[in-house]
Colleague: 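This is the structure, below, for whatever I ask next.
Here is how names work: the chains are called A, B, and so on, in the same order as the sequence lines, proteins then strands, and each is numbered from 1.
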Amino acid sequence: MGIRVISVRRYLARHLREAATQLLNEAGQGWPEDLQIVVEQPARLEHGDYATNLAMRLAPVLHRAPVQIAEALQPFMNQLPLVARTEVVRPGFLNFFLNWQAWTDVTTPDPIPAERVQTKVVIEHTSINPNKAAHIGHLRNSCIGDTLGRLLRRAGYPVEVHNYIDDLGNQVADTVVGLLHVPVHGQYARFGDFCWDLYAQVNQAYKTDEALKARRVEVQKALEDGGNNVSWIATLVADRIVRDHLEDMAQFGIHYDLLVHEYDIVHMGFWAAAFEKLKQSPLFVKETEGKYAGCWVLKQPPAAAEQTVLSKPLEPLEATAPNVSAPERERGLATADGEGARGACKERQEGEPDGGGEDSEYNPDKVLVRSNGVLTYTAKDIAYHLWKFGLLGQDFLYRPFEDGIWTTAEQGEPGSFGRAKRVLNVIDKRQEYPQAMVRLALQALGFAEEASQLHHVSYGVVSLSPATAARLGIDISEGKSSYPMSGRQGIGIKVSDLLAQMEATVEAVRPRKEGISSRQVAAAAIRYFLLRFNLLTEIVFDFDQAADLHGNSGVYLMYQHARAAKILRDGGWAAAAALTPTALASPLSGDGTSALPTPQVPSDLLPEERALLRHLADWPDTLEQAAAELNVTLLTTYAFELASLFSTFYDAAPVLKAPEPLRTFRMWVVARTRLTLADVLNVLGLPAPDQM
RNA sequence: GCGCCCGUAGCUCAGUUGGAUAGAGCGUUUGGCUACGAACCAAAAGGCCGGGGGUUCGAAUCCCUCCGGGCGCACCA
């Protein structure tokens with residue numbers, strides 16, 4: 001019935017393995033350790049729908065020419081129903097041309113691996129300090145996190161999304177200080193906008209007002225203690241601002257399952273429990289001398305322990321690489337007579353003379369409890385992560401917050417949050433070190449498996465282009481290529497402002513006013529823009545660039561979807577236009593399928609038709625790869641390519657006016673494209689409008 | 001100083017488990033709507049993939065080195 005999807009790459013790889021195994025056996029050889037089968041779509045259409053370099057990889061093992069090996073593989077592959085023919089090309093490529101009729105007839109979908117369904121993934125993202133309005137840097141975090149959540153859910157994992165509310169942090173304290181002591185006048189649409197200015201002014205005032213700085217310390221202490229006027233003000237501020245943040249994010253289709261409040265981590269005794277556990281570890285000690293005298297500190301492990309963790313087998317996810325590692329320390333010692341880090345040099349002079357292997361002039365150890373007894377952020381984060389993995393032996397209480405979101409609470413009901421098998425933390429790359437320390441704490445406690453399942457999803461910050469910075473009134477006479485945003489200086493583009501500006505832009509340029517609103521279009525354009533870049537790429541945000549709604553943009557993707565939907569409606573395939581992507585997603589959901597007539601694939605496909613079919617066929621593999629690598633760019637690239645190929649197809653191949661059976665075939669292609677595009681848009685968190 | 005990330009078209013970026021002639025968008029030039037939705041398509045111009053070595057059948061991709069950027073090296077988060 002032709003609506004089911006299978007992974008063609010995996011299908012071909014499986015059969016290639018069988019064929020290659022046979023060749024190896026005939027030569028009296030086993031499967032080489034490091035040999036992986038790679039099946040990919042060649043860049044050029046002439047090179048086939050899929051191709052493999054397997055013959056070239058086998059050549060040194062079999063001691064035969066690659067072309068010969070490829071030719072030996074051919075008979076095996078030619079028998080496959082999905083393969084129309086194969087070709088062997090010069091260096092030793094084996095190219096596959098698919099039998100598209102067979103592909104459209106596929107009815108056996110790949111099942112979701114059972115083990116996956118039991119792998120609960122907790123994703124933490126957003127986690128904005130609740131003391132002022134959100135800016136576009138925060139929005140990038142949320143878009144990435146939300147997309148990863150959608151991606152993993154689509155791939156079959158149970159996903160729970162957390163937003164960590166740092167309601168005891170210094171930034172909240174600063175906003176409270178401002179509320180109490182720094183007058184700000186003006187009209188503001190929202191509390192967060194008011195606090196945006198307030199926070200900047202407080203930080204300005206700190207520079208000259210010693211009394212205010214002293215007050216800051218008092219407020220911080222009051223928050224830590226809780227149960228007083230100041231701490232209640234902080235609670236109210238955080239709560240109000242969180243609502244602003246959630247309102248902002250909701251406009252971009254971003255949602256959460258649970259808000260975790262730092263206040264609750266502290267006040268429900270999570271740290272006390274974590275502290276007891278940590279004390280069992282020799283890496284967690286109270287320093288009696290040196291720079292950290294009086295502090296409880298998490299020490300760097302000996303090199304050996306780290307090795308075992310680093311050599312964890314096939315983890316496709318992000319490399320585990322704490323930037324302060326044992327090899328680095330050794331290198332540091334080797335050049336120890338050099339300058340070294342400032343404070344650390346002094347430290348070393350009075351360091352332990354025995355060189356017990358643990359002393360390090362860099363002192364990469366992490367303070368968890370300050371000498372004054374106050375916890376660091378990382379300490380609370382460690383407790384939180386023990387809880388995330390269900391390792392703490394304690395749980396929060398919960399109550400509904402709003403719109404289906406729950407929050408931790410001192411008084412509430414028990415819940416079933418947490419207990420994750422895998423944890424993803426979407427946090428910008430400047431925080432690699434503390435993230436590595438959280439993982440180290442898990443290792444130190446003997447939770448090696450959990451440590452390996454804790455992933456810091458690291459991404460680059462968003463800064464402002466000179467033009468955009470200038471528009472905000474920032475002095476750009478320095479001539480830098482980008483200007484960082486700064487909450488303390490009140491420099492940045494607020495999410496709500498950006499959305500409003502973009503909405504005005506859309507309203508001004510859109511040719512029709514049907515279907516989704518300009519605001520939705522604007523939000524989608526922004527979201528796509530923030531997702532297009534590699535995670536590690538630092539985005540230099542330029543308003544004019546982001547506001548370009550042509551070409552590779554979210555608008556283009558939605559437009560192609562609307563265009564496909566229109567053709568289906570006009571062509572009498574309304575049922576196909578109404579199918580939801582779950583028809584592709586779930587092998588069990590059954591049926592949408594009867595809504596699509598069986599196509600008769602022409603023997604003389606147009607290049608534009610074949611290019612489109614080829615790309616459609618690759619969606620299941622792209623999805624799997626994106627999920628395995630947590631690679632969002634793969635999705636945006638796929639989506640744009642799909643939309644682009646469809647547009648080319650549309651231009652080259654008339655659908656409604658085509659004679660039968662060609663018309664039915666092309667309608668089927670349109671239906672399938674629309675469905676796949678809707679699926680991708682859904683994973684990307686963008687609307688899939690029927691008209692716009 | 002130590003470490004991590006990055007350097008690809010005029011601009012902004014894809015492509016990096018080594019593969020076939022290095023791609024896209026924007027910008028520039030040219031052409032295409034009495035319409036299956038032009039928020040589109042087609043074509044042209046534009047590249048020693050930062051420089052230099054190395055590894056091999058084959059390098060933007062891996063290794064070494066230099067140059068140039070960003071970030072991190074707190075009893076902040």
Side-chain angles (χ1 to χ4, degrees), chain A residues 36 38 40 42-44 46-47 51 53 56 59-60 66 89-93 95 129 166 169-171 291-297 316 321 323-325 328-329 331-332 335 338-344 362-364 366-372 374 376-378 381 427-434 458 460-461 463 465 481-482 484 506 509-512 514 521 532-534 536-540 542 544-545 548-553 555-556 558-560 562-568 570-571 633 636-637 640-641 644 647-648 650-658 666-667 670 691-692:
Chain A
Q36 284 189 342
V38 177
E40 58 189 0
R44 317 179 121 259
E46 311 91 88
H47 292 146
N53 63 355
M56 286 180 281
V89 185
R90 278 162 289 168
F93 290 104
N95 297 338
N129 274 307
D166 185 12
N170 293 342
Q171 293 208 20
K291 182 176 164 186
Y292 292 149
C295 301
W296 282 90
V297 167
N323 57 358
V324 187
S325 61
E328 176 192 333
R329 288 214 315 284
R331 226 167 302 149
T335 60
E339 284 302 316
R342 292 145 296 168
Y362 290 99
N363 207 340
K366 180 63 195 169
V367 172
L368 298 187
V369 185
R370 300 179 180 107
S371 55
N372 66 2
V374 175
T376 62
Y377 179 92
T378 303
D381 218 16
I427 303 178
D428 82 56
K429 68 179 171 189
R430 292 174 303 190
Q431 292 190 45
E432 254 167 46
Y433 174 68
S458 182
V461 296
S463 59
S465 74
S481 59
S482 69
V506 171
V509 302
R510 70 185 297 180
R512 276 173 300 274
E514 305 160 352
V521 173
R532 269 177 43 193
F533 301 90
N534 250 322
L536 289 176
T537 299
E538 290 168 26
I539 298 182
V540 179
D542 181 79
D544 291 332
Q545 187 198 351
D548 184 353
L549 307 178
H550 304 280
N552 190 355
S553 72
V555 172
Y556 179 81
M558 295 190 293
Y559 176 76
Q560 298 304 339
R563 185 190 241 179
K566 176 77 162 28
I567 296 173
L568 294 174
D570 290 352
T633 312
T636 52
T637 305
F640 175 63
E641 178 104 16
S644 186
S647 194
T648 306
Y650 167 87
D651 199 63
V655 179
L656 298 182
K657 291 174 200 154
R666 287 184 177 160
M667 285 296 280
V670 174
Q691 51 179 342
M692 62 184 286

Colleague: Watson-Crick or G-U wobble partner for B:G1, using a 3.5 Å limit on both distances?
Modeller: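 Paired with B:C73.
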Colleague: Taking pairing as Watson-Crick or G-U wobble with both contacts under 3.5 Å, can you name the mate of B:A35, or confirm there isn't one?
Modeller: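 No nucleotide pairs with B:A35.
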Colleague: Can you check whether any acceptor in the base of B:A20 is under 3.5 Å from a donor in the side chain of A:Asn95, or vice versa?
Modeller: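 Indeed, a donor on one side and an acceptor on the other fall under 3.5 Å apart.
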Colleague: Does the ring of A:Phe640 lie flat against the base of B:A24, closer than 5.5 Å centre to centre with planes under 30°?
Modeller: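 No; centroid distance or tilt outside limits.
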Colleague: Going by heavy atoms in the side chains, are A:Pro42 and A:Phe93 under 4.5 Å from each other?
Modeller: no
Colleague: Pick base, sugar-phosphate or nothing for A:Asp381, based on heavy-atom distances below 4.0 Å to the nucleic acid.
Modeller: nothing
Colleague: Hey, what are the protein-to-nucleotides 21-23 of chain B N/O distances that come in under 3.5 Å?
Modeller:
{"unit_1": "B:U21", "atom_1": "O2", "unit_2": "A:Arg44", "atom_2": "NH2", "d": "2.8"}
{"unit_1": "B:U21", "atom_1": "N3", "unit_2": "A:Arg44", "atom_2": "NH1", "d": "3.4"}
{"unit_1": "B:U21", "atom_1": "N3", "unit_2": "A:Arg44", "atom_2": "NH2", "d": "2.4"}
{"unit_1": "B:U21", "atom_1": "O4", "unit_2": "A:Arg44", "atom_2": "NH1", "d": "3.2"}

Colleague: With a cut-off of 6.0 Å (strictly less than), are more than 12 heavy atoms of other residues, nucleotides or ligands near CD of A:Glu46?
Modeller: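 Result for CD/A:Glu46: enclosed.
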Colleague: To the nearest angstrom, how far is A:His550 atom NE2 from B:C41 atom C1'?
Modeller: 14 Å
Colleague: Pairing check on B:U17: which nucleotide meets the Watson-Crick or G-U wobble criteria with it, both distances under 3.5 Å?
Modeller: none
Colleague: With respect to the phosphate group of B:A38, does any side-chain polar atom (N or O) of A:Arg563 fall under 4.0 Å of OP1 or OP2?
Modeller: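 Checking A:Arg563 against B:A38: at least one side-chain N or O falls below 4.0 Å of OP1 or OP2.
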Colleague: Is there a donor and acceptor pair closer than 3.5 Å between the side chain of A:Ser647 and the base of B:C40?
Modeller: no
